[in-house]
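Have a look at the structure below, then the notes.
Note that the coordinates shown come from a computational prediction; the quantities given were computed from them, not determined experimentally. Each chain gets a letter, A, B and so on, in the order its sequence line appears, and its residues count up from 1.
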There are 2 protein chains.
Amino acid sequence: MPVQDRQIEERLAEAGVRYTAGRRHVVSALERVDGPLSAAELHLEMGGAVPVSSVYRTLAVLEEAGVVEPHHGARGITRYEMAEWLAGHHHHLVCIECGAVEDIELPAPLEVELERLVGQVSSWASFSAGGHSLEVDGRCARCR
Amino acid sequence: MPVQDRQIEERLAEAGVRYTAGRRHVVSALERVDGPLSAAELHLEMGGAVPVSSVYRTLAVLEEAGVVEPHHGARGITRYEMAEWLAGHHHHLVCIECGAVEDIELPAPLEVELERLVGQVSSWASFSAGGHSLEVDGRCARCR
DNA sequence: GCCTATAATGAGAATCATTATCAACAAGCC
DNA sequence: GGCTTGTTGATAATGATTCTCATTATAGGC
């Protein structure tokens with residue numbers, strides 16, 4: 001229904017896959033919550049509507065199509081959130097205790113500097129730079 | 001022998017643990033290579049001298065004592081490198097393909113800006129900020 | 001509407017990094 | 001020497017993730 005959904009459907013079509021009910025479920029759960037969610041958390045968030053096994057597969061498909069982005073955290077847990085072009089560019093506060101992640105936006109001037117830097121990095125190193133993300137590590141309110 | 005080793009020994013003593021041969025092995029392997037290493041990679045780097053099981057335990061001890069820092073990557077793999085106070089502050093190029101990590105240093109002016117920002121963040125969010133790290137994602141030379 | 005080819009799903013087994021367990025061992029101390 | 005406590009190595013257990021495969025849904029062509 002929302003504009004986003006159209007864009008997602010298109011993106012999936014380009015990738016040659018369907019935008020099925022299960023996949024819509026996962027996407028809308030990710031849109032509902034802000035901050036990345038793991039497969040298990042998504043499974044819960046959807047009240048068990050989609051089995052864990054399918055959540056994993058769906059996330060892989062969505063990642064492949066560039067609809068979601070992974071974020072690797074402590075204890076081998078991978079959390080996903082809507083890709084930058086859908087959710088906007090932002091950075092993360094990561095709790096070193098429980099792995100929870102909060103989104104933050106940088107003041108425009110600093111963001112501009114970062115952009116410029118990332119551009120330079122690409123030429124220094126033999127490295128084709130894509131995105132960038134600033135992670136601030138610390139302890140969240142609950143773990144303090 | 002090097003100054004570093006003294007500092008590490010002290011740090012471990014403060015934590016109430018010994019700086020044993022196995023632990024020295026792991027530390028020197030981490031110092032030898034630049035960029036973070038996983039338990040398995042360390043095991044190899046040391047030619048199997050220290051069994052994997054002990055590598056994991058050693059890394060946990062070293063992390064607890066603040067001698068090394070973890071870096072969580074794709075496929076649930078955690079890589080470790082010498083802590084900031086031993087290796088200097090730096091940032092990472094992360095290959096989204098193979099998970100390899102290269103270290104980079106930021107130009108001083110940008111680093112200063114970052115420091116300032118991280119300080120502010122701590123007050124905005126109910127979050128006690130510790131370190132920060134900028135991750136630039138892309139494809140490394142080998143995976144290109 | 002009905003078939004068929006193909007994509008997608010669910011349940012459970014398999015994999016792989018990591019963690020815990022526990023018996024054997026070493027270091028420091030009386 | 002014996003005691004206490006920290007450390008190690010081998011192996012079993014755990015937990016997130018991936019794979020497999022039989023079943024089900026979907027899109028097109030008729």
Side-chain angles (χ1 to χ4, degrees), chain A residues 8-27 29 36-65 67-80 96-101, chain B residues 8-9 11-27 29 36-65 67-80 96 98-101:
Chain A
I8 294 170
E9 185 154 24
E10 262 177 50
R11 184 64 85 100
L12 288 175
E14 281 163 30
V17 299
R18 301 186 199 130
Y19 196 16
T20 63
R23 289 170 185 172
R24 279 172 205 275
H25 258 111
V26 170
V27 166
L37 293 177
S38 69
E41 289 160 353
L42 274 167
H43 177 66
L44 282 181
E45 174 69 27
M46 300 183 293
V50 179
V52 206
S53 150
S54 297
V55 174
Y56 277 106
R57 212 181 6 221
T58 297
L59 288 171
V61 168
L62 294 176
E63 181 185 353
E64 177 68 25
V67 172
V68 302
E69 279 165 11
H71 178 75
H72 307 291
R75 268 168 273 170
I77 293 174
T78 302
R79 284 165 223 266
Y80 292 83
I96 57 177
E97 201 69 52
C98 68
V101 179
Chain B
I8 294 171
E9 186 155 23
R11 185 63 87 102
L12 288 176
E14 280 163 31
V17 300
R18 302 189 201 126
Y19 196 16
T20 63
R23 289 171 185 169
R24 278 172 206 275
H25 257 111
V26 171
V27 166
L37 294 176
S38 69
E41 289 160 353
L42 274 167
H43 177 66
L44 282 182
E45 174 68 26
M46 301 184 290
V50 179
V52 205
S53 151
S54 297
V55 173
Y56 277 107
R57 212 186 1 227
T58 296
L59 288 171
V61 167
L62 294 176
E63 181 186 353
E64 177 69 26
V67 173
V68 303
E69 279 164 9
H71 179 73
H72 307 291
R75 269 168 271 171
I77 292 175
T78 303
R79 285 165 220 265
Y80 292 83
I96 56 178
C98 68
V101 179

What pairs of nitrogen or oxygen atoms, one from the protein and one from nucleotides 27-30 of chain C, lie under 3.5 Å apart?
none

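If A:Ser38 and A:Thr20 are placed on DNA chain D by their nearest nucleotide, the residue sitting closer to the 5' end is A:Ser38.
Only A:Gly76, A:Ile77, A:Thr78, listed by number, bring a heavy atom of residues 70-78 of chain A to less than 4.0 angstrom from any atom of DNA chain D. Of the residues in residues 43-61 of chain A, those with a non-hydrogen atom less than 4.0 angstrom from any atom of DNA chain C are A:Pro51, A:Ser53, A:Ser54, A:Arg57.
Every side chain to side chain donor-acceptor pair (under 3.5 Å) that A:Thr78 has, sequence neighbours left out, goes to A:His72. A:Ser38 is linked by a side chain to side chain contact (heavy atoms under 4.5 Å, CB included) to A:Ala40, A:Glu41, A:Ile77, A:Arg79, counting only residues two or more places apart in sequence or in another chain.
Across all their heavy atoms, A:Met46 and A:Ala29 have their closest contact at CG-CB, 3.9 Å.
Separating the OH atom in B:Tyr80 from the CD atom in B:Glu63 is a distance of 5.0 Å, to the nearest 0.5 Å. Atom CD of B:Glu45 is separated from atom CG of B:Leu42 by 7.5 Å, given to the nearest 0.5 angstrom. To the nearest 0.5 Å, atoms CD (B:Glu69) and CG (B:Leu62) are separated by 12.0 Å. Taking CG of A:Leu12 as the reference point, atom CZ of A:Arg18 lies at 12.0 Å (rounded to 0.5 Å).
Ion pairing between B:Arg23 and B:Glu9 fails under the 4.0 Å rule for side-chain N and carboxylate O.
Counting only distance, with no hydrogens or angles, the side chain of B:Ser54 and the backbone of B:Val50 share no donor-acceptor pair below 3.5 Å.
Atom NE2 of B:His43 sits in a crowded spot, with more than 12 heavy atoms from other residues, nucleotides or ligands closer than 6.0 Å.
Contact of the A:Val27 side chain with the A:Val68 side chain is not registered, since no non-hydrogen atoms from C-beta on lie closer than 4.5 Å.
Reading DNA chain D from its 5' end, the first and the last nucleotide to sit under 4.0 Å from a heavy atom of chain B are D:dG6 to D:dT11.
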